[in-house]
Protein chains: 2
Amino acid sequence: MHSKADHGRVTVTAPVEGMTIAEAAERTGLTPHTLRYYERDGLMLRSVGRTTSGHRVYTDRDLTWVTMLTRLRATGMSIREVKAYAALCRQGAGNEAERLALLQTHRARVLAQLAEVHEHLEAIDVKIGMYASTMARADT
Amino acid sequence: MHSKADHGRVTVTAPVEGMTIAEAAERTGLTPHTLRYYERDGLMLRSVGRTTSGHRVYTDRDLTWVTMLTRLRATGMSIREVKAYAALCRQGAGNEAERLALLQTHRARVLAQLAEVHEHLEAIDVKIGMYASTMARADT
DNA sequence: GTCGGCCTTGGAGTGCACTCGAAGTCAAGC
DNA sequence: GCTTGACTTCGAGTGCACTCCAAGGCCGAC
């Protein structure tokens with residue numbers, strides 16, 4: 001059942017030691033290209049592990065981080081800022097206040113942008129209403 | 001009072017005939033560069049008028065369109081698609097159904113994306129809550 | 001032992017949406 | 001009549017976030 005994509009893995013005993021980049025990609029909805037890019041660019045908490053043959057091994061912890069990273073990205077945080085957040089987390093305990101500030105700033109931005117989109121969407125809805133009534137008139 | 005930025009305008013009699021690109025930029029929140037770019041790229045309903053000296057003259061109709069255009073852009077519609085919408089509007093009456101469909105498709109996408117952002121934001125809020133309680137503990 | 005398939009790296013390429021620069025024109029003020 | 005400053009066009013440049021490619025390595029299957 002797990003014959004392909006098992007290349008560099010030992011799978012000696014333990015209950016799943018990690019996964020290939022392809023699996024990680026599938027589970028996170030990103031592409032292997034993007035996962036490598038994120039690592040190269042310093043967005044990962046730490047370098048992903050490797051097998052003896054050099055293949056990446058993603059752990060659940062890695063995926064958890066990638067998920068957080070995806071949430072930040074999906075809400076509009078730039079790569080640059082995600083990198084800053086990752087750097088803080090990498091430093092370890094002691095800078096929680098900074099991390100909190102960063103996330104709160106982001107949160108405020110997201111709320112503002114959400115409000116803006118809502119406003120624009122309402123105006124677009126008015127336009128849609130106009131076209132809809134035009135269609136209704138043409139339908140007679 | 002209106003001495004500068006009046007360059008190409010005649011201002012013979014009438015109650016404001018149009019405005020310069022600088023004024024249009026200020027009123028729409030875009031830059032003159034961007035306004036020119038939009039026109040070049042075919043996003044305007046029709047080419048903006050010119051003075052005898054070749055300067056652009058923006059009318060209220062132009063600004064109304066730019067506003068709509070800004071709303072579409074701000075809600076994530078691509079330049080390419082805005083261009084398609086502009087092309088439909090330019091064609092004149094008869095394709096209201098297509099325009100409606102385009103806007104409704106866009107609306108659906110925006111709603112989906114809004115929901116996604118909300119979901120991600122909630123997860124980020126949880127994280128913020130964790131840091132906040134860490135801070136509270138450290139505060140003692 | 002060689003083939004297929006997934007992996008590696010470094011670097012280059014892509015698409016989008018602006019954004020800027022250079023060189024020139026024009027009307028108004030001094 | 002010369003300077004000033006906002007405008008013009010065309011084309012090139014920028015920043016972001018991927019996205020892809022070439023060349024090569026490793027492993028299991030045939």
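Chain letters run A, B, ... following the sequence lines, proteins first and then strands; every chain starts at 1. Keep in mind that the numbers below use all heavy atoms, side chains included, and drop hydrogens, waters and symmetry copies.
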Taking only side-chain nitrogens and oxygens of [X], does any of them come within less than 4.0 Å of OP1 or OP2 of [N]?
X: B/T31; N: C/dC18; value: no
X: B/R56; N: D/dT8; value: yes
X: A/T34; N: D/dA17; value: no
X: A/Y38; N: D/dC18; value: yes

Relative to the 5' end of DNA chain C, which residue comes earlier, B/M77 or B/R36, by the nucleotide with the nearest heavy atom?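 Of the two residues, B/M77 wins.
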Nearest nucleotide by nearest heavy atom, which residue falls closer to the 5' end of DNA chain C, B/S78 or A/I21?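 Result: A/I21.
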Which whole-number value in Å describes the distance from [X] [atom1] to [N] [atom2]?
X: A/L35; N: D/dA17; atom1: CG; atom2: C1'; value: 14 Å
X: B/D41; N: D/dG11; atom1: CG; atom2: C1'; value: 14 Å
X: B/E23; N: D/dA6; atom1: CD; atom2: P; value: 13 Å
X: B/K83; N: C/dA17; atom1: NZ; atom2: P; value: 9 Å
X: A/Y37; N: C/dT14; atom1: OH; atom2: C1'; value: 13 Å
X: A/H55; N: D/dG28; atom1: NE2; atom2: P; value: 11 Å
X: A/E39; N: D/dA17; atom1: CD; atom2: P; value: 18 Å
X: B/R80; N: C/dT14; atom1: CZ; atom2: C1'; value: 13 Å

According to ring pair (Phe, Tyr, Trp, His ring centres under 6.0 Å), does anything in residues 99-140 of chain A pair up with another residue at least two apart or in another chain? List the pairs.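 For residues 99-140 of chain A: none.
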Contacts of type ring pair (Phe, Tyr, Trp, His ring centres under 6.0 Å), residue A/Y85, not counting sequence neighbours: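 If we apply the ring pair (Phe, Tyr, Trp, His ring centres under 6.0 Å) test to A/Y85, skipping adjacent residues, the hits are A/W65.
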First encountered from the 5' end of DNA chain D, between A/H33 and A/I79: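 The 5'-side residue here is A/I79.
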Note: B/R109-B/E81 ion pair, threshold 4.0 Å (strictly below):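 The answer is yes: the pair qualifies as a salt bridge.
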Specify the residues of residues 64-73 of chain B, ordered by number, for which at least one heavy atom lies under 4.0 angstrom from an atom of DNA chain D.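 Correct list: empty, so none.
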Side chain to side chain donor-acceptor pair (under 3.5 Å) against B/E39, all qualifying residues, sequence neighbours excluded: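 Expected list: B/R50, B/R56.
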With sequence neighbours excluded, tell me which residues meet side chain to side chain donor-acceptor pair (under 3.5 Å) with A/T70.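 If we apply the side chain to side chain donor-acceptor pair (under 3.5 Å) test to A/T70, skipping adjacent residues, there are no hits.
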Determine the minimum heavy-atom distance between B/M44 and B/V66, stating which atoms define it.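 Closest approach of B/M44 to B/V66: CE-CG2, 3.6 Å.
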Qualifying salt bridge (Lys or Arg N to Asp or Glu O under 4.0 Å) pairs with a residue from residues 118-131 of chain B, counting only residues at least two apart or across chains: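 Those involving residues 118-131 of chain B are A/R107-B/D125.
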I'd like to know if A/R40 reaches the base of C/dG11 with its side chain such that a donor and an acceptor end up less than 3.5 angstrom apart.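 Present.
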